[in-house]
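Not measured: the values here are computed from a predicted model.
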Amino acid sequence: MLRDLIIKRRSYRRFHEDAAIELEILRELVDLARLSSSSANLQPLKYILPCDPVKNALIFPYLTWAAYLKEWSGPCEGERPSAYIIILGDTEITQSFDCDHGIAAQSILLGAAEKGLGGCIIGAVDREGLRRVLDIPSRYEILLVLALGEPEETVVIETVGPTGDIKYWRNNEGIHHVPKRPLDDIIVG
Ligand SMILES: Cc1cc2nc3c(=O)[nH]c(=O)nc-3n(C[C@H](O)[C@H](O)[C@H](O)COP(=O)(O)O)c2cc1C
């Protein structure tokens with residue numbers, strides 16, 4: 001079952017924007033992150049949970065989408081995320097967040113997948129711009145933005161071919177393909 005959920009938890013970048021996600025759902029997802037592992041158990045992560053159209057519109061311009069899809073500049077109006085979870089690092093707790101935010105992101109996105117939602121980790125963020133527009137205090141480092149919504153696209157996994165190309169791509173029907181390296185290629189000993 002975990003394998004099924006991990007396969008279902010793909011990166012989605014197009015959504016039914018009008019399918020709202022309630023704040024309580026976001027809180028449930030963050031609670032999964034709260035229960036996850038943390039380096040030295042410091043638990044330095046904090047979260048902002050925007051889920052209304054006005055806030056969402058402020059955030060969107062500061063995100064970069066699907067760098068490999070050169071002809072696509074990101075989701076258009078109507079297919080943008082209906083919520084975000086912004087993962088912050090509280091520098092008053094520690095200056096080094098190790099991989100806490102990666103673990104938190106995966107917990108949240110697995111929880112979202114279980115609820116029939118989809119999302120994408122966005123690391124390519126204009127952090128200064130986002131800080132300014134949301135008035136995020138300097139105490140918090142902006143680590144990752146998770147875009148969330150009800151998926152409006154199909155994403156499939158395939159095996160990396162003989163050329164070794166790992167770039168995701170979209171076919172004529174708009175299906176998003178994600179090449180994964182074969183198991184034997186990643187086990188080195
Ligand atoms: C740390 C991290 C940062 C990422 N940043 C971005 C990003 O800025 N923009 C984006 O569109 N996707 C981003 N992604 C999503 C990856 O492109 C995606 O995980 C990859 O294409 C594999 O697809 P999959 O998640 O469906 O397996 C990021 C993923 C990770 C783990």
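With sequence neighbours left out, Ser39 forms a side-chain hydrogen bond (donor to acceptor under 3.5 Å, both in side chains) with Asp98. Under the ring pair (Phe, Tyr, Trp, His ring centres under 6.0 Å) criterion, Trp169 pairs with His177, not counting sequence neighbours. Judged as a ring pair (Phe, Tyr, Trp, His ring centres under 6.0 Å), and not counting sequence neighbours, the contacts of Tyr168 are Tyr68, His176. Shown here are the salt bridge (charged side-chain N to carboxylate O under 4.0 Å, His left out) partners of Glu24, two or more places apart in sequence or in another chain: Arg27. Not a single side-chain hydrogen bond (donor to acceptor under 3.5 Å, both in side chains) links Lys8 to another residue, sequence neighbours left out. Applying the salt bridge (charged side-chain N to carboxylate O under 4.0 Å, His left out) rule to Arg14 yields the partners Glu153; only residues at least two apart in sequence or on another chain are considered.
Residues Ile25 and Leu146 fall within the same hydrophobic cluster, defined by Ile, Leu, Val, Met, Phe, Trp and Tyr side chains chained together at heavy-atom separations under 4.5 Å. By the criterion of side-chain heavy atoms lying less than 4.5 angstrom apart, applied directly or through intervening Ile, Leu, Val, Met, Phe, Trp or Tyr residues, Ile21 is grouped together with Ile108 in one hydrophobic cluster. Leu148 and Leu5 sit in two unconnected hydrophobic clusters of ILVMFWY residues. Membership requires side-chain heavy atoms under 4.5 Å apart, directly or through other members. If you chain together hydrophobic residues whose side chains sit under 4.5 Å apart, Tyr47 and Leu117 fall into the same group.
In this structure, Trp65 and Arg13 have side chains that are in contact, with non-hydrogen atoms separated by less than 4.5 Å. The shortest side-chain heavy-atom distance between Val178 and Glu158 does not fall under the 4.5 Å cut-off. At a threshold of 4.5 Å between non-hydrogen side-chain atoms, the residues Pro179 and Asp165 do not count as touching. Under the 4.5 Å side-chain criterion, counting only non-hydrogen atoms from C-beta, Leu26 is in contact with Cys51.
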Would you give me the side-chain donor-acceptor pairs under 3.5 Å for residues 80-92, sequence neighbours excluded?
unit_1 : atom_1 : unit_2 : atom_2 : d
Arg80  : NE     : Pro75  : O      : 3.0
Ser82  : OG     : Ala19  : O      : 2.9
Asp90  : OD1    : Glu92  : N      : 2.9
Asp90  : OD1    : Arg139 : NE     : 2.9
Asp90  : OD2    : Lys46  : NZ     : 2.7
Asp90  : OD2    : Arg139 : NE     : 3.4
Asp90  : OD2    : Arg139 : NH2    : 2.7
Thr91  : OG1    : Arg139 : O      : 2.6

Donor-acceptor pairs are to be reported for all side-chain atoms of residues 29-38 against protein atoms at under 3.5 Å, with residues two or more places apart or in another chain.
unit_1 : atom_1 : unit_2 : atom_2 : d
Asp31  : OD1    : Arg34  : NE     : 2.5
Asp31  : OD1    : Arg34  : NH2    : 3.0
Ser36  : OG     : Leu32  : O      : 2.7
Ser36  : OG     : Ser107 : OG     : 2.6
Ser38  : OG     : Leu42  : N      : 3.4
Ser38  : OG     : Gln43  : N      : 2.9
Ser38  : OG     : Asp100 : OD2    : 2.7

Counting only pairs under 3.5 Å, give me each side-chain donor-acceptor contact of residues 121-128, with atom names and distances, residues two or more places apart or in other chains.
unit_1 : atom_1 : unit_2 : atom_2 : d
Asp126 : OD1    : Glu128 : N      : 3.4
Asp126 : OD1    : Gly129 : N      : 2.8
Arg127 : NE     : Ile142 : O      : 2.7
Arg127 : NH1    : Gly123 : O      : 3.1
Arg127 : NH1    : Val125 : O      : 3.4
Arg127 : NH2    : Gly123 : O      : 3.2
Arg127 : NH2    : Leu143 : O      : 2.8

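Atom CG of Asp18 and atom CD of Glu150 lie 8.0 Å apart (nearest 0.5 Å). Residue Leu49 holds its CG atom at 6.0 Å from CG of Leu23, rounded to the nearest 0.5 Å. Atom CG of Leu2 and atom CZ of Arg9 lie 12.0 Å apart (nearest 0.5 Å). Note: Leu134 CG to Tyr62 OH = 8.5 Å, rounded to the nearest 0.5 Å.
When hydrophobic residues (I, L, V, M, F, W, Y) are linked wherever their side-chain heavy atoms come within less than 4.5 Å, the members clustered with Val156 are Ile175. Here Ile186 sits in one hydrophobic cluster together with Leu183, Ile187; the rule is ILVMFWY side chains under 4.5 Å apart, joined directly or through other members.
Contact between Ser11 and Val155 at its shortest, heavy atoms only, is O-CG2, 3.7 Å. Nearest approach of Ala104 to Leu45, heavy atoms of both residues: CB-CD1, 3.7 Å. Leu109 approaches Cys120 most closely through the heavy-atom pair CD2-N, 4.3 Å. Contact detail for Gly118 and Tyr12: the closest heavy-atom pair is CA-CD1, 3.8 Å. The two residues Ile6 and Arg10 have their closest heavy-atom pair at O-NH1, 3.0 Å.
Annotation: Lys167, atom NZ; neighbour count of heavy atoms from other residues, nucleotides and ligands within 6.0 Å does not exceed 12. Around CG of Asp184, the count of heavy atoms belonging to other residues, nucleotides or ligands within 6.0 Å does not exceed 12. Remark: Glu28 CD is packed, more than 12 non-hydrogen atoms of other residues, nucleotides or ligands lying under 6.0 Å away. Counting heavy atoms of neighbouring residues, nucleotides and ligands inside a 6.0 Å radius, atom CG of Asn41 exceeds 12 of them.
Applying the ring-ring contact (aromatic ring centres under 6.0 Å, His included) definition to pairs two or more places apart or across chains, none involves residues 92-148.
Without hydrogens or angle criteria, Glu79 side chain to Cys76 main chain gives a donor-acceptor distance under 3.5 Å.
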- [ ] Show the numbers, then the answer: is there a side chain to side chain contact (heavy atoms under 4.5 Å, CB included) between Ile59 and Val133?
- [x] CA-CA 8 Å; Ile59 295 165; Val133 79; 5.6 Å; no

